[in-house]
Amino acid sequence: MDRQTDRERLIEEVADAVQKMRALRRGRKRSGESDSGRGMVLNYLYTHEGQSSPGDLRDYMYVTTPRVTALLNELEEEQLIIRETTACDRRRVSVRLTDLGWQRVGQRRKEKREEIARLIDRLGTEDAEALLRICRAVEELEKNG
């Protein structure tokens with residue numbers, strides 16, 4: 001009976017912790033810290049030599065073509081990306097980072113690394129490694145349904 005009580009307590013505490021993390025994330029989105037996918041596009045381009053196709057972005061993000069188009073419109077308006085037809089096939093479009101886009105993503109990645117370094121310092125190596133293991137396990141569960 002004691003094991004079941006411990007399990008029920010653990011279920012409640014994990015559910016509560018996940019709910020709090022989601023609430024914090026929603027709060028960041030409302031405060032403007034979230035970029036509704038724009039950062040995901042920029043980061044993908046950054047890690048793929050600065051360019052990609054809209055279709056590859058769509059597949060990576062698991063979103064619709066109109067959503068990718070809207071994101072690219074916003075990023076192009078801010079002069080962070082440029083869309084151009086490819087030389088080998090004028091019907092195909094390539095998306096690439098501008099110089100400003102490279103700078104913006106580089107700065108944001110640096111800030112994120114510093115934020116994560118502070119988290120690791122607070123957690124300690126052992127807990128940080130446990131967190132990483134858990135995140136990977138959750139990701140694998142999500143992938144496999």
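Computed from a prediction, not measured in an experiment: that's the story for all the values here.
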* **Under-4.0 Å salt bridge between Glu49 and Arg96** =>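 Not counted as a salt bridge, because no side-chain N and carboxylate O are separated by less than 4.0 Å.
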
* Asked: Do Glu129 and Arg133 meet the salt-bridge criterion of a basic N to acidic O distance under 4.0 Å?
  ->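 No, this pair does not count.
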
Can you establish whether the number of heavy atoms outside [X] located under 6.0 Å from its atom [atom1] is more than 12?
{"X": "Glu77", "atom1": "CD", "value": "no"}
{"X": "Asp99", "atom1": "CG", "value": "no"}
{"X": "Glu84", "atom1": "CD", "value": "yes"}

To the nearest 0.5 Å, what is the distance between [atom1] ([X]) and [atom2] ([Y])?
{"X": "Arg67", "Y": "Leu57", "atom1": "CZ", "atom2": "CG", "answer": "12.5 Å"}
{"X": "Tyr44", "Y": "Leu97", "atom1": "OH", "atom2": "CG", "answer": "12.0 Å"}
{"X": "Leu119", "Y": "Arg122", "atom1": "CG", "atom2": "CZ", "answer": "8.0 Å"}
{"X": "Ile120", "Y": "Arg113", "atom1": "CD1", "atom2": "CZ", "answer": "12.0 Å"}
{"X": "Glu74", "Y": "Leu80", "atom1": "CD", "atom2": "CG", "answer": "10.5 Å"}
{"X": "Leu72", "Y": "Ile82", "atom1": "CG", "atom2": "CD1", "answer": "12.5 Å"}

* Asked: With respect to Lys112, which candidate in Arg108, Arg109, Lys110 satisfies the side-chain contact (heavy atoms from CB on, under 4.5 Å) definition?
  ->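 Of the listed options, the one satisfying the test is Arg108.
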
* **Atom of Val93, atom of Pro54 and distance for their closest heavy-atom approach** =>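 Heavy atoms of Val93 and Pro54 come nearest at O-CD, 3.4 Å.
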
Could you tell me if the side chain of [Y] sits less than 4.5 Å from the side chain of [X], heavy atoms only?
{"X": "Val41", "Y": "Leu75", "result": "yes"}
{"X": "Ile81", "Y": "Leu42", "result": "yes"}
{"X": "Thr69", "Y": "Arg83", "result": "yes"}
{"X": "Arg9", "Y": "Glu12", "result": "no"}
{"X": "Tyr60", "Y": "Met40", "result": "yes"}

Under 3.5 Å side-chain donor-acceptor pair for [X] and [Y]:
{"X": "Thr86", "Y": "Arg92", "result": "no"}
{"X": "Glu140", "Y": "Asn144", "result": "yes"}
{"X": "Gln107", "Y": "Glu111", "result": "yes"}

* Within the distance-only criterion (no hydrogens, no angle test), does the side chain of Ser52 pair as donor or acceptor with the backbone N or O of Leu45 below 3.5 angstrom? ->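 Absent.
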
* For Ser94 and Ser53, indicate whether the former's side chain and the latter's backbone hold a donor-acceptor pair under 3.5 Å. =>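 It does not hold such a pair.
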
* Do the side chains of Leu100 and Leu71 join up, straight or via other hydrophobic residues, at under 4.5 Å, putting them in one cluster? ->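 Result: yes, single cluster for both.
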
